[in-house]
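Written below as structure tokens is the structure these notes are about.
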Amino acid sequence: KFQESRLGGLLDFWGDNLVHVAVFSAFAVAWSTASGQSWPLVLGALAVSGTVLSAGFIYNYAMRPRAGGGSLLTSASHSRQSRMARVLDAVSGRDFIYIVMVLALFGKAYWFLASAAVGTPGFFVAVLVAALGRRRHEAGTTSPSASGPSSPDSAR
């Protein structure tokens with residue numbers, strides 16, 4: 001029926017992130033076991049940490065219930081206007097499984113964990129930068145000094 005609910009959106013968001021954590025953890029354990037070394041576990045910890053930090057921040061910043069209600073925002077950023085917000089939304093999807101399948105065809109599926117160990121903390125930093133940029137922009141547009149000397153408000 002293509003109906004949406006806040007609970008459904010939250011289950012989808014947290015379910016996706018739980019799957020990401022499970023995939024990264026499984027890759028780390030499998031790679032560590034296959035190589036007999038522990039360094040793949042570090043890559044897994046980085047990927048899992050980046051995922052958990054990003055999910056927690058996005059939930060608190062954009063999805064947590066606020067006064068006035070409203071629909072559930074399932075975007076990485078409040079503003080879909082900026083190029084960075086569109087990029088963050090594009091890379092936050094679960095389409096990564098296609099990359100894993102292509103790498104697996106060449107026997108290099110573990111490479112995905114190495115890229116996730118860099119990409120997930122990088123995504124977290126990008127989300128923080130986008131949030132700080134939006135906060136600065138909002139503060140700049142609401143402050144009296146940002147309106148400029150020729151605005152009607154400054155003549156009062």
Side-chain angles (χ1 to χ4, degrees), residues 2-35 37-142:
F2 297 106
Q3 294 179 342
E4 297 178 5
S5 71
R6 178 164 183 78
L7 177 60
L10 289 171
L11 289 173
D12 182 53
F13 175 78
W14 287 112
D16 286 348
N17 282 287
L18 182 63
V19 167
H20 294 164
V21 167
V23 167
F24 299 149
S25 299
F27 266 97
V29 170
W31 196 359
S32 178
T33 302
S35 68
Q37 299 177 358
S38 60
W39 63 266
L41 297 175
V42 174
L43 296 179
L46 286 169
V48 167
S49 297
T51 300
V52 170
L53 288 170
S54 296
F57 181 80
I58 289 170
Y59 174 78
N60 282 318
Y61 177 72
M63 299 174 74
R64 187 175 44 145
R66 304 268 196 287
S71 63
L72 179 65
L73 179 66
T74 57
S75 171
S77 170
H78 280 297
S79 170
R80 294 180 150 263
Q81 308 304 322
S82 74
R83 177 178 290 153
M84 183 177 219
R86 288 192 304 270
V87 169
L88 288 173
D89 282 340
V91 300
S92 67
R94 56 186 169 258
D95 297 333
F96 69 82
I97 198 65
Y98 300 115
I99 296 168
V100 174
M101 291 186 330
V102 170
L103 289 171
L105 286 173
F106 297 100
K108 304 294 183 188
Y110 293 130
W111 286 7
F112 178 72
L113 180 63
S115 63
V118 173
T120 56
F123 178 78
F124 175 62
V125 169
V127 168
L128 285 177
V129 168
L132 291 174
R134 181 173 187 267
R135 187 170 287 166
R136 280 194 199 124
H137 176 74
E138 287 174 351
T141 58
T142 59

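The chain is numbered in sequence order, starting from 1. Keep in mind that the numbers below use all heavy atoms, side chains included, and drop hydrogens, waters and symmetry copies.
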Does any part of the side chain of [Y], heavy atoms only, come nearer than 4.5 Å to the side chain of [X], both counted from C-beta?
| X | Y | result |
| --- | --- | --- |
| S54 | T120 | no |
| N17 | V21 | no |
| L128 | F124 | yes |
| I58 | F13 | yes |
| Y59 | L10 | yes |

- Residue pair A28 / P40: nearest heavy atoms and the distance that separates them: CB-O, 3.5 Å
Let me have the donor-acceptor pairs involving side chains of residues 106-114, under 3.5 Å, with sequence neighbours excluded, atom names and distances please.
none

- Message: If the test is side-chain contact (heavy atoms from CB on, under 4.5 Å), which one of L46, V52, T51 qualifies with V48?
- Response: V52
- Query: About how many Å separate CG of L41 and CH2 of W31, when rounded to the nearest 0.5 Å?
  - Reply: 11.0 Å
